[in-house]
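For clarity, every value in this text was computed on a predicted model and none was experimentally measured.
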Amino acid sequence: SSGINAESQSVLFSFVNDNFRGKPFCVVYFHTIQWDNRNAMGILKLDLCKQTSANWDDFNLFPVEPVFVPRPGAVEEDDGVLMSPVYDARTETSELYIWNAKDMKVIARLSSPVLVPWTNHGMWLPEE
């Protein structure tokens with residue numbers, strides 16, 4: 001969406017596609033906090049070159065700081081997915097959410113056998 005109300009949310013923890021780190025880039029993603037009645041956190045995508053935005057948030061859902069995973073062979077900066085564990089305060093469960101990084105639409109939700117509590121910071125480690 002492009003109707004971002006800056007007065008009702010705060011943005012923090014900016015990140016870009018790692019393939020563009022230290023180079024000119026247009027697309028930046030943020031972890032957000034909603035200060036309205038949604039009781040939610042979310043993810044905001046800003047395209048600084050096109051001056052457009054897209055975001056995702058939902059009532060009582062709290063994503064951990066997400067990571068961007070580029071599609072193999074990707075050329076475009078936002079060609080990939082965002083991934084984050086999301087804590088659902090209504091059910092006290094966690095799922096791994098995967099968003100299309102171009103339009104911020106959820107493309108997959110994977111159940112978690114363990115509770116991943118909400119936290120601002122995330123850490124992704126290789127399996128090895």
Check your understanding: Does any N or O in the side chain of K45 come within less than 3.5 Å of the main-chain N or O of A101, such that one atom is a donor and the other an acceptor?
Key -> yes

Point to revise | Pairwise salt bridge (Lys or Arg N to Asp or Glu O under 4.0 Å) hits with a residue in residues 66-76, at least two apart | key: R71-D79, E76-K102

Practice item. Measure from the side-chain N and O atoms of N17 to the backbone N and O of E77, and report whether any donor-acceptor pair falls under 3.5 Å. Key: yes

Check your understanding: Taking only residues two or more places apart in sequence, or in another chain, which ones meet K23 in a side-chain contact (heavy atoms from CB on, under 4.5 Å)?
Key -> none

Point to revise | Candidate pair L48 and V27, rule side-chain contact (heavy atoms from CB on, under 4.5 Å), full reasoning | key: CA-CA 6 Å; L48 303 172; V27 179; over 6 Å; no

Check your understanding: Quick one: does H31's side chain have a donor or acceptor within less than 3.5 Å of a partner on P63's backbone?
Key -> yes

**Study point:** For S112, side-chain hydrogen bond (donor to acceptor under 3.5 Å, both in side chains) partners two or more places apart
**Key:** none

Point to revise | Check against side-chain contact (heavy atoms from CB on, under 4.5 Å), V28 and F15 | key: CA-CA 6 Å; V28 60; F15 60 99; over 6 Å; no

Exercise for review: With sequence neighbours left out, write down each residue that passes salt bridge (Lys or Arg N to Asp or Glu O under 4.0 Å) with D47, or none if nothing qualifies.
Suggested key: none

Check your understanding: Is any side-chain heavy atom of I43 less than 4.5 Å from a side-chain heavy atom of W99?
Key -> yes

Review point. Does anything in residues 57-111 pair up under disulfide bond (SG atoms under 2.5 Å apart), and if so which pairs, sequence neighbours excluded?
Key: none

Exercise for review: For residues E65 and F30, determine if any side-chain heavy atom of one lies less than 4.5 Å from a side-chain heavy atom of the other.
Suggested key: no

Practice item. Report the residues that fulfil ring pair (Phe, Tyr, Trp, His ring centres under 6.0 Å) with F25, sequence neighbours left out, ordered by chain and then residue number. Key: none

Point to revise | Side-chain touch Y97/S84, heavy atoms, less than 4.5 angstrom | key: no

Practice item. Mind checking side-chain hydrogen bond (donor to acceptor under 3.5 Å, both in side chains) for N100 and listing every partner two or more places apart, or none if nothing turns up? Key: none

Review point. Pairs in or reaching into residues 48-103: which pass disulfide bond (SG atoms under 2.5 Å apart), with residues at least two apart or in two chains?
Key: C26-C49

Point to revise | Contacts of type salt bridge (Lys or Arg N to Asp or Glu O under 4.0 Å), residue E95, not counting sequence neighbours | key: R109

Point to revise | Under the side-chain contact (heavy atoms from CB on, under 4.5 Å) test, residues paired with A108 that sit two or more places apart | key: I98

Practice item. Report yes if some heavy atom in the side chain of V86 is under 4.5 Å from a heavy atom in the side chain of S94; otherwise report no. Key: no

Check your understanding: What distance do T93 atom OG1 and Y87 atom OH have between them, rounded to the nearest 0.5 Å?
Key -> 8.0 Å

Review point. Can you check whether V81 reaches I107 side chain to side chain, under 4.5 Å on heavy atoms?
Key: yes

Review point. Can you name the residues that form a side-chain hydrogen bond (donor to acceptor under 3.5 Å, both in side chains) with D88, not counting sequence neighbours?
Key: R90

Exercise for review: Flag the pair V69 / M83 as yes when at least one side-chain heavy-atom distance between them is below 4.5 Å, and no otherwise.
Suggested key: yes

**Study point:** Residues forming a side-chain hydrogen bond (donor to acceptor under 3.5 Å, both in side chains) with S111, sequence neighbours excluded
**Key:** none

Practice item. Decide yes or no for D18 and V16: does some side-chain heavy atom of the first lie under 4.5 Å from some side-chain heavy atom of the second? Key: no

